[in-house]
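Given the structure is predicted, the values throughout are model-derived calculations rather than measurements. Chain identifiers are assigned alphabetically (A, B, ...) following the order of the sequence lines, protein sequences preceding nucleic acid strands; residue numbering begins at 1 within each chain.
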There are 2 protein chains.
Amino acid sequence: MNPDLFNRNCGSRKVIDRIGDRWSVLVVLALADGDKRYGELAERVDGISQKMLTQTLRGLERDGLVTRTVHATVPPRVDYALTDLGRSVLDLVAGLEDWATTHLAEVEAARARYDAR
Amino acid sequence: MNPDLFNRNCGSRKVIDRIGDRWSVLVVLALADGDKRYGELAERVDGISQKMLTQTLRGLERDGLVTRTVHATVPPRVDYALTDLGRSVLDLVAGLEDWATTHLAEVEAARARYDAR
DNA sequence: CTGAATCCGGCTGGATACTG
DNA sequence: CAGTATCCAGCCGGATTCAG
């Protein structure tokens, strides 16, 4: 247990905040099975806007989780891929995904119970 | 891999959104080592406002991750504790914490590199 | 096709004051 | 002590437009 995590100025807190981003998790998962083009990601992650996709990818690139490769072709082609660091976080995020699907029914039951009170 | 996760209307997406909440992760971690009173949580999770703490606890309670026990004493006392479901997600969240502390240096180095360009 | 830039409505979340 | 209520600034994020 790292007590500093609860300190708002601690670096690990900032990392948690980044992972806690609602889109980052989904984008990382979308890159799980290999490189993806910008358009493929936009199609895959339902509901994300262009702005948020670009912003999320920039953030992930900045944190060293994703690489961005521009091919000087016409039409332009940009590939995004997970780095080693990105793949290491993928393991955790995939765990979240498993948890979500496994316990979905329990959570929904709890919600229904709570709302019915 | 569950493809539906990327669908905005899928239930598992909603679960991910909840876990992805920036405060939920911290509150769950704060409850890792046993019951906590409202005030203890407020003190522990640095930077959270009363409003957000209450709101986060309600959300976690609704999802069945946390129990809320009111003691009819003067002064009033309210204890929060993880449910079995909450403890199951704690394992994952603790993994995030480990990752954050382990790879913090790499992430910060990547950020510095990116910002220096 | 892959973005950057801008505008702007809405919701998040902080500060404050009040209640049981 | 443990909230609730209210107000409101700020930022998130969507839609649109423009550029390379």
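- Computed from coordinates, the Y38(A) OH to dA19(D) P distance equals 18 Å when rounded to whole Å.
- At dA2(D), none of the side-chain N or O atoms of R77(B) fall inside 4.0 Å of OP1 or OP2 (strictly under the cut-off).
- To the nearest angstrom, P of dC1(D) lies 14 Å from CG of L41(B).
- Distance check: D79(B) CG to K36(B) NZ gives 10.0 Å after rounding to the nearest 0.5 Å.
- Nearest-nucleotide positions on DNA chain D for E40(B) and M52(A) put E40(B) closer to the 5' end.
- With sequence neighbours excluded, the residues that form a ring pair (Phe, Tyr, Trp, His ring centres under 6.0 Å) with W99(A) are H103(A).
- Rounded to whole angstrom, the span from the NZ atom of K51(B) across to the P atom of dA5(D) amounts to 12 Å.
- To the nearest 0.5 Å, the span separating CZ on R58(B) from CD on E61(B) amounts to 6.0 Å.
- Put simply, the side chain of V66(A) does not reach to within 4.5 Å of the side chain of T83(A), judged on heavy atoms.
- Counting any heavy atom pair closer than 4.0 Å across all strands shown, Q50(B) reaches a base atom.
- Taking atom CG on L53(A) and atom P on dG14(D), their separation rounds to 11 Å, with Å as the unit.
- No hydrogens or angles considered: a donor-acceptor pair under 3.5 Å links the side chains of Y38(A) and T54(A).
- Across the interface with DNA chain D, nearest-nucleotide mapping of P76(A) and Q55(A) shows Q55(A) to be the residue nearer the 5′ end.
- With T101(B) contributing its side chain and D98(B) its backbone, the two residues share a donor-acceptor pair below 3.5 Å.
- Under the 3.5 Å distance criterion, the side-chain polar atoms of R87(B) are matched with a main-chain donor or acceptor of L82(B).
- Rounded to whole Å, the distance from CZ on R22(B) to C1' on dC11(D) is 13 Å.
- Tested against E106(A), the residues D63(B), D84(B), L85(B), L65(B) include a single side-chain contact (heavy atoms from CB on, under 4.5 Å) partner, L85(B).
- In the helix from dC1(C)-dG20(D) to dG20(C)-dC1(D), the terminal helix axes, each the rotation mapping four pairs' C1' atoms onto the next four within five end pairs, subtend 40°, rounded to 10°.
- Between the CZ atom of F6(A) and the CG atom of L41(B) there is a distance of 9.5 Å, given to the nearest 0.5 Å.
- In this structure, CD of E61(B) is placed 14 Å from C1' of dA2(D), rounded to the nearest angstrom.
- When each of R37(A) and I48(B) is assigned the nucleotide of DNA chain C with its nearest heavy atom, R37(A) is the one assigned upstream, toward the 5' end.
- Protein chain B contacts DNA chain C from dG13(C) to dG20(C), reading 5' to 3' and using non-hydrogen atoms of the protein with a distance under 4.0 Å.
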